[in-house]
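Please read the structure below before turning to the comments.
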Number of protein chains: 2
Amino acid sequence: MNYMDLELGIWEIAVLALLREAPMHPYQMQRLLHLRHKDEILALKRGSLYHAIGRLVRGGLIGVEKTGREGKRPERTSYRITPEGTRAFLESLRTIVATPRREPSQCMAALSFLVHLNPKEACRLLAERGKNLDAEIAQHSTRLRGVSAHVARINLVESEYLLAMLKAESAWIRGLEKEIHQGKLVWDLKSILREAAASRKVASQGRK
Amino acid sequence: MNYMDLELGIWEIAVLALLREAPMHPYQMQRLLHLRHKDEILALKRGSLYHAIGRLVRGGLIGVEKTGREGKRPERTSYRITPEGTRAFLESLRTIVATPRREPSQCMAALSFLVHLNPKEACRLLAERGKNLDAEIAQHSTRLRGVSAHVARINLVESEYLLAMLKAESAWIRGLEKEIHQGKLVWDLKSILREAAASRKVASQGRK
DNA sequence: TATGATATAGTTCATATGAACTATATGGAT
DNA sequence: ATCCATATAGTTCATATGAACTATATCATA
């Protein structure tokens, strides 16, 4: 297997990045990600780490450094990054920085089917989403201010990005709510369903 | 099993929404989603549709309407939504509209590890991402203008949302690129790694 | 000194995902 | 008359995910 074939996921990237610093064992990776608040941001689940490590070992991107125990703790396996691992990491990182990827989001799905609610209820729920977004914004802002004293800013850009995206979503959601509230965007499920019947007819006939 | 226990995914939501219009078979669902351009937006893969349908049937949210064949085509199974399905759909929809969810994104992962590139290369790659984002924006804008003549606007809000988010990302990325370019945000991997050694020490010792 | 909370270090397993495959039908081009 | 591209309608299978579980060690507190 060629290491180039591996499409690196977020866990793989994170593991390679940590091992570029120094060899370490999986539990230390978890602790470091937690200390650096990367675990909240990257939404990584414990269970997936060991699978990711397994894939990286099989792909030759990392190797076992040593195994051993400290005191009477269970045995730890330390890993180190290989030269291929470093190459694959940098290449993958360059690609994901330069290439935006369409990622499915719950919010898009929700909006896709907003027509199934009546405008009044949609308004209420969008307002609630707005409030929830603002609460998250406040929370992240506070945390960011707190850590920016100790941590170099380059290590916080992803939090700045998250904040910017949350603010943009909040603004957009409020705009939509306002438009519905003011009657600039109206709909009626029943008449929409009549329209839909036409497109179903086309779809059921298949291609011409 | 209670239908309330089912955490509905995007495919499940989509299937239930379509079956609220009328009973239909899986292939017609695919055609309808395609006709309405929801497949691009929702990033749904063919193979997952049948699994989602299986889950919904087992959960009692949909049921078999009839099976039959047209001409010598393979047999088709039509499904209909049940009253529980309608309830679960509306409840789930209300929840995902009102509740923003943290979703892992490639971009956040990329930014998290931007420190591993040097500032000059980071600038180049961010500029490339900006260009790619703008190309996507142009493409979606064009499509949106094209279909908005035939399609009620409520059925296009998710595209408007996507466009707004892409624009926000583009603006933010360009801002970051500019800051790095102007030397307002600087870093040096080696000195960062020295800092990191301190936190690794903390992490390797575990809790106090 | 007993007790509960948390840290350490993973493994297991049910379920989810999506790429690839199967198999036939139809229409248009040659 | 034949061949190819595409439409129809799914199924299969390897891999990925993440919740839950195992099992011990250490520390703080009562």
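Source: prediction; values computed, not measured. By convention in this document, chain letters (A, B, ...) are assigned in the order of the sequence lines, proteins followed by strands, and residues within each chain are numbered from 1.
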Quiz item: Taking C-beta and beyond as the side chain, do A:K38 and A:I41 meet within less than 4.5 Å on heavy atoms?
Solution: no
Quiz item: Does the side chain of A:R124 reach to within under 4.5 Å of the side chain of A:E121, using non-hydrogen atoms?
Solution: yes
Self-check item: Distance in angstrom units between B:K45 NZ and D:dT15 P, rounded
Solution: 19 Å
Quiz item: In terms of side-chain geometry, is the basic nitrogen of A:R129 or A:E177 positioned less than 4.0 Å from the acidic oxygen of its partner?
Solution: no
Self-check item: Whole angstrom value for the distance that separates C1' of D:dG18 from CH2 of A:W11
Solution: 12 Å
Quiz prompt | Atom-pair distance (NE2 on A:H34; C1' on C:dT8), nearest Å | solution = 15 Å
Quiz item: Roughly, in whole Å, what's the span from CG in B:L44 to C1' in C:dT17?
Solution: 12 Å
Quiz item: Do any side-chain nitrogens or oxygens of B:R55 fall under 4.0 Å of OP1 or OP2 in C:dA16?
Solution: yes
Practice problem: Could you please name the option among D:dG10, C:dG18, D:dG18 that lies closest to any side-chain atom of B:H51? | Solution: C:dG18
Quiz item: Less than 4.0 Å between a side-chain N and a carboxylate O, is that true for A:R174 and A:D134?
Solution: yes
Practice problem: Report the distance from atom CG of B:L49 to atom P of C:dA19, rounded to the nearest whole Å. | Solution: 15 Å
Quiz item: Under a cut-off of 3.5 Å for both distances of each Watson-Crick or G-U pair, what dot-bracket string does DNA chain C give, using [ ] for crossing pairs and | for inter-strand pairs?
Solution: ||||||||||||||||||||||||||||||
Self-check item: A:Y50 OH to D:dC21 C1', straight-line distance once rounded to whole Å
Solution: 14 Å
Practice problem: May I ask you to check whether B:H116 and A:F89 place their ring centers less than 6.0 Å from one another? | Solution: yes
Practice problem: Rounded to the nearest angstrom, tell me the gap between atom CZ in A:R76 and atom P in D:dA25. | Solution: 14 Å
Quiz prompt | Value in whole Å for how far the P atom of C:dT6 lies from OH of A:Y27 | solution = 13 Å
Quiz item: Does OP1 or OP2 of D:dG18 have a side-chain N or O of A:S48 closer than 4.0 Å?
Solution: yes
Quiz item: Quick one: are B:C107 and B:E169 in side-chain contact, heavy atoms under 4.5 Å?
Solution: yes
Quiz item: Has B:R46 got a side-chain N or O lying under 4.0 Å from the OP1 or OP2 atom of D:dA9?
Solution: no
Quiz item: In terms of side-chain geometry, is the basic nitrogen of A:E21 or A:R36 positioned less than 4.0 Å from the acidic oxygen of its partner?
Solution: yes
